[in-house]
Amino acid sequence: MSIDRELLSRPALQVAPVLLGATLVSSIGGAEVAVRITEVEAYEGTADPASHAFRGPTRRNAVMFGEAGRLYCYFIYGMHWCANITCALPGTAAAVLLRAAQIEDGEPVAQARTPNPLSRAKLASGPARLARVLGLAGEHTGLDLLDAGSPVRLTELGAPADYRTGPRVGITAAAEHPWRFWLPDEPSVSSYRPGGRKRVAATRQTGAP
DNA sequence: TTGTCGATTGAG
DNA sequence: TCAATCGACAAT
């Protein structure tokens with residue numbers, strides 16, 4: 001089943017479940033790695049406080065405001081890259097964060113890109129691990145995933161499948177929305193972690209009696 | 001120009 | 001529970 005851009009040009013909330021089970025192939029570095037997406041999160045742009053596009057266009061998030069089906073990679077915590085697929089129509093920022101996948105092909109390459117040995121199921125479990133095994137970094141932002149000549153491409157969708165939803169991982173803003181989507185019974189799905197510490201007021205308790 | 005914080009991971 | 005580690009962005 002091929003993927004057309006129109007399908008991805010919908011709001012992130014509609015695109016996210018469609019990407020579950022889809023195949024993503026990277027031939028970056030001359031080595032091919034193929035994965036099957038098992039977990040994603042929707043980010044709805046200027047209306048979503050947790051989105052990088054919430055405060056409007058910047059150099060970093062510019063690709064989110066363009067056409068759907070492009071790669072958006074961002075650097076986080078001083079050491080990790082995470083990958084998104086842009087969606088919605090041009091002018092409207094939205095993207096789907098790729099949180100986890102199952103390695104379908106190229107496991108030796110994936111292992112070679114991983115500092116410490118991990119089981120096959122955990123190699124791409126978590127957004128930074130997923131980007132790592134595919135060799136993705138900032139320089140790949142903007143790649144057209146629907147272009148057969150691209151080093152990273154979405155090749156096919158999975159069959160429509162049952163899925164689960166829940167809160168997004170690791171965010172503090174708009175944490176109440178169940179905008180995380182995953183396939184049940186998939187060992188590659190990452191474990192849930194609540195968002196980081198909220199700003200602590202000057203009156204915080206110290207524990208002293 | 002400076003300071004704060006983050007769509008994470010791995011070790012203790 | 002916490003450190004690693006640096007780019008983006010808001011506040012000077």
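In this structure, A:Y72 and A:Y74 have tilted ring planes: the angle between them lies in the 30° to 60° band.
Proximity of residues 108-135 of chain A to DNA chain B (heavy atom under 4.0 angstrom from any strand atom) is restricted to A:N116, A:G126, A:P127, A:A128, A:R129, A:R132.
Atom OH in A:Y43 sits about 13 Å away from atom P in B:dG6, given to the nearest Å. Atom OH of A:Y192 is separated from atom C1' of B:dT8 by 15 Å (rounded to the nearest Å). One can place CD1 of A:I171 at 15 Å from C1' of B:dC5, the figure rounded to the nearest angstrom. The interatomic distance linking A:E39 (CD) with B:dT8 (C1') rounds to 13 Å, in whole Å. As rounded to whole Å, 10 Å separates atom P of B:dA7 from atom CD of A:E41. For the pair A:L136 CG and B:dT8 P, the computed distance is 16 Å after rounding to whole Å.
Residue A:L97 is in base contact, counting any heavy-atom pair closer than 4.0 Å across all strands shown.
The two atoms that bring A:S51 and A:M64 nearest to each other are OG-CE, 3.7 Å, heavy atoms only.
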Does A:W81 form a side chain to side chain contact (heavy atoms under 4.5 Å, CB included) with A:L136? I'd like the steps, not just the answer. CA-CA 7 Å; A:W81 289 96; A:L136 300 177; 5.8 Å; no

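In summary, A:R36 and A:E104 do not engage in a salt bridge, as defined by a charged side-chain N under 4.0 Å from a carboxylate O.
Hydrophobic clustering places A:V152 together with A:L7 (ILVMFWY residues linked when any side-chain heavy atoms are closer than 4.5 Å, directly or through intermediates). Residues A:L130 and A:L157 share a hydrophobic cluster, clusters being chains of Ile/Leu/Val/Met/Phe/Trp/Tyr side chains in contact below 4.5 Å. Under a hydrophobic-cluster definition in which Ile, Leu, Val, Met, Phe, Trp and Tyr are linked whenever side-chain heavy atoms come within less than 4.5 Å, directly or via other members, A:L183 and A:L97 are assigned to different clusters.
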Give me, pair by pair, the N or O atoms of the protein and of nucleotides 6-11 of chain C that are less than 3.5 Å apart, along with how far apart they are.
{"from": "C:dC9", "atom 1": "OP1", "to": "A:T58", "atom 2": "OG1", "distance (Å)": "2.7"}

Under 3.5 Å, side-chain donor or acceptor atoms of residues 17-32 of chain A against the rest of the protein: list the pairs with distances, not counting sequence neighbours.
{"from": "A:S26", "atom 1": "OG", "to": "A:I28", "atom 2": "N", "distance (Å)": "3.3"}
{"from": "A:S26", "atom 1": "OG", "to": "A:L134", "atom 2": "O", "distance (Å)": "2.8"}
{"from": "A:S27", "atom 1": "OG", "to": "A:P151", "atom 2": "O", "distance (Å)": "3.3"}
{"from": "A:S27", "atom 1": "OG", "to": "A:R153", "atom 2": "NH1", "distance (Å)": "3.3"}

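Nucleotide C:dT5 has no partner under the Watson-Crick or G-U criteria, as no pair reaches both atom distances under 3.5 Å.
Applying the 4.0 Å criterion to OP1 and OP2 of B:dT8, one finds that A:R99 has a side-chain N or O inside that range.
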